[in-house]
Visitor: 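Okay, here's the structure, questions in a sec.
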Amino acid sequence: MVTASHVLDRVLVLEMVRVTEAAAVAASKLIGRGNEKAADHAAVEAMRAALNTLEMDGTVVIGEGERDEAPMLFIGEKVGSAQGTGPRIDIALDPLEGTTITAKAGPNALAVLAIAEQGCLLNAPDVYMDKLAVGPGYPEGVIDLNKSPTENIRSVAAAKGVDPSDIIICVLDRPRHEKLIAELRGLGCGIMLIPDGDVAGVIAVTNPDTTIDVYMGSGGAPEGVLAAAALRCVGGQFQGRLLFRNDDERGRAAKWGVEDLDRIYHLNDLAKGDVIFAATGVTDGSLLEGVKRRKNCITTESVVMRASTGTVRWVKGEHRNEPGIGC
């Protein structure tokens, strides 16, 4: 059992929701406007401003990129109003997970944030990660990245007591996954292809209402840390292995302290100790409703989870004065 952190105060649980709400509401102004960069920029600025109101000594370990690539919320940036005096907290964030989705008004765009005590979140390089995830209730070891997709699906199906053809897998709709999709369809599996947003895709395996059993395929390594943080709170299994396309990416990994380039990471390698995860819907999706702009208010839907208690809170917000989202 995960013990409660003496650093992560219970008050921070709802404070994290206020942060993701602010980012989601800011990004929602750009839904369907076709401008990915503008939507991302709005979410980043709003999340940064909200984080800087919190009494903590925070460090971004998963952010928008390195300092010379990202003017705000870059890896290593310090946030919070109590630098040097407040609790030291590591932060993994994606102010707008699904920039293309937002620009095209598609489903499952989120504002996402995870926090933990200093040193408890993997400082993952911005490279691809091969990912494999299942929800809670399966025996440990039911999935294994060293095995083929076919072997993993048969293992999950046996543990669930169904045929492989009854398993539904979530996969990012990318050309690089053509062989994976063909192999899975050869088993007769159902495949839910998503255009973007693999944090939501991984988390979907924890929710029976989505009917998704397994997440497979490659996506961003930083998003893998965020997804692992969520699974730490609600249960499930996750394995990830960094993928490198060139020497530049291998050098980037070495810069962030990755020594074993072939290592398979499990949940506790990516997000250990007490973890708080929060997400607010930007557009409607399988996990959360998106931001709705009504005549007299803005409504939001968020989820916040904590590993030490296993608590999951669903938070519906009505914001009558947009500048006061954090109230």
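Remember, predicted model here, so these are calculated numbers, not experimental data. Side chains are part of it too, since the values below use all heavy atoms of this structure and drop only hydrogens, waters and symmetry mates.
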Visitor: Quick one: does any side-chain atom of Arg174 pair with a main-chain N or O of Pro195 as donor and acceptor, under 3.5 Å?
Guide: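 Looks like yes, one N/O pair under 3.5 Å.
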Visitor: With sequence neighbours left out, write down each residue that passes side-chain contact (heavy atoms from CB on, under 4.5 Å) with Pro87, or none if nothing qualifies.
Guide: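 Counting only residues at least two positions away or on another chain, Pro87 forms a side-chain contact (heavy atoms from CB on, under 4.5 Å) with Val7, Met56, Ile89.
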Visitor: Has the side chain of Arg306 got a donor or acceptor atom that lies under 3.5 Å from a matching backbone atom of Ile276?
Guide: no
Visitor: Is there a side-chain contact between Arg88 and Glu117 (heavy atoms, below 4.5 Å)?
Guide: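 In short, these two side chains do not touch, never coming nearer than 4.5 Å.
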Visitor: So, Asp269 and Arg263, do they make that salt bridge, N to O below 4.0 Å?
Guide: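 A salt bridge links Asp269 with Arg263.
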Visitor: Can you confirm whether Cys170 sits close enough to Val205 that some side-chain heavy atom of one is under 4.5 Å from a side-chain heavy atom of the other?
Guide: no
Visitor: Test the Arg252-Phe244 pair against the cation-pi criterion, namely NZ or CZ under 6.0 angstrom from the six-membered ring centroid and within 45° of the ring axis.
Guide: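 No.
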Visitor: Count the heavy atoms belonging to other residues, nucleotides or ligands that lie under 6.0 Å from CD of Gln83, then report whether that count exceeds 12.
Guide: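 It does: Gln83 CD has more than 12 such atoms within range.
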Visitor: Check for a donor-acceptor pair, side chain of His177 on one end and backbone N or O of Met216 on the other, with a separation under 3.5 Å.
Guide: no
Visitor: Under 4.0 Å between a Lys/Arg side-chain N and an Asp/Glu carboxylate O for Arg294 and Glu318?
Guide: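 Answer for the salt bridge query: no.
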Visitor: Just so I know, are the side chains of Ser286 and Asn108 near enough to count as touching, which here means a heavy-atom distance under 4.5 Å?
Guide: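 The answer is yes, as the side chains (C-beta and beyond) meet within the 4.5 Å cut-off.
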Visitor: Side chains of Leu243 and Val127: closer than 4.5 Å at any heavy-atom pair?
Guide: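 No, every pair of side-chain atoms sits at 4.5 Å or beyond.
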Visitor: Can you confirm whether the side chains of Lys292 and Thr299 place a donor and an acceptor under 3.5 Å from each other?
Guide: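 There is no such pair (donor and acceptor under 3.5 Å, judged by atom type) between the side chains of Lys292 and Thr299.
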Visitor: Donor-acceptor check, side chain of Gln239 to backbone of Leu145, threshold 3.5 angstrom: yes or no?
Guide: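 Here the side-chain-to-backbone pair exists.
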Visitor: What I'd like to find out is whether the side chain of Ile62 reaches to under 4.5 Å of the side chain of Ile75, using heavy atoms alone.
Guide: no
Visitor: Is Leu231 linked to Tyr265 within one hydrophobic cluster, defined over Ile, Leu, Val, Met, Phe, Trp and Tyr using a side-chain heavy-atom separation of less than 4.5 Å?
Guide: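 Same hydrophobic cluster.
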Visitor: May I have the step-by-step check of salt bridge (charged side-chain N to carboxylate O under 4.0 Å, His left out) for Arg18 and Glu21, ending in yes or no?
Guide: CA-CA 5 Å; Arg18 293 188 177 98; Glu21 283 176 344; 6.0 Å; no
Visitor: What I want to find out is whether Asp196 reaches Lys104 closely enough, with some N-O distance under 4.0 Å, to be called a salt bridge.
Guide: no
Visitor: To the nearest 0.5 angstrom, please state how far the OG atom of Ser302 sits from the CD atom of Glu289.
Guide: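 Answer for the OG-CD pair, Ser302 versus Glu289, is 11.0 Å.
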Visitor: Looking at residues at least two apart in the chain, or sitting in another chain, which of them share a side-chain contact (heavy atoms from CB on, under 4.5 Å) with Glu183?
Guide: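 Checked Glu183 against side-chain contact (heavy atoms from CB on, under 4.5 Å); matches are Ser148, Pro149, Thr150.
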Visitor: Rounded to the nearest 0.5 Å, how far does CD1 of Ile31 lie from CG of Asn35?
Guide: 13.5 Å
Visitor: Using 4.0 Å as the upper bound for N to carboxylate O, is an ion pair formed by Arg241 and Asp262?
Guide: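 A salt bridge is absent here (no side-chain N lies under 4.0 Å from a carboxylate O).
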Visitor: Hydrophobic clusters here meaning ILVMFWY residues chained together by side-chain heavy-atom distances under 4.5 Å, can you tell me if Val13 and Val275 are in one?
Guide: no
Visitor: Verify the cluster assignment for Ile264 and Ile143: are they in a single hydrophobic cluster under the rule of side-chain heavy atoms below 4.5 Å apart?
Guide: yes
Visitor: Given side chains that start at C-beta, do those of Leu242 and Glu249 come closer than 4.5 Å, heavy atoms only?
Guide: no
Visitor: Walk me through whether Lys131 and Glu223 qualify under salt bridge (charged side-chain N to carboxylate O under 4.0 Å, His left out).
Guide: CA-CA 10 Å; Lys131 304 172 188 176; Glu223 288 83 356; 5.0 Å; no
Visitor: Is Lys37 salt-bridged to Asp40, cutoff N-O under 4.0 Å?
Guide: no
Visitor: Side-chain contact test, heavy atoms from C-beta onward, threshold under 4.5 Å: evaluate it for Leu93 versus Leu51 and give yes or no.
Guide: yes
Visitor: Taking it one step at a time, do Asp163 and Arg154 satisfy salt bridge (charged side-chain N to carboxylate O under 4.0 Å, His left out)?
Guide: CA-CA 8 Å; Asp163 292 330; Arg154 286 176 174 165; over 6 Å; no
Visitor: Report whether Val202 and Leu121 are members of the same hydrophobic cluster (ILVMFWY, side-chain heavy atoms less than 4.5 Å apart, transitive linking).
Guide: yes
Visitor: Could you tell me whether the side chain of Leu226 reaches within less than 4.5 Å of the side chain of Glu97, counting heavy atoms only?
Guide: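 Sidechains of Leu226 and Glu97: no contact.
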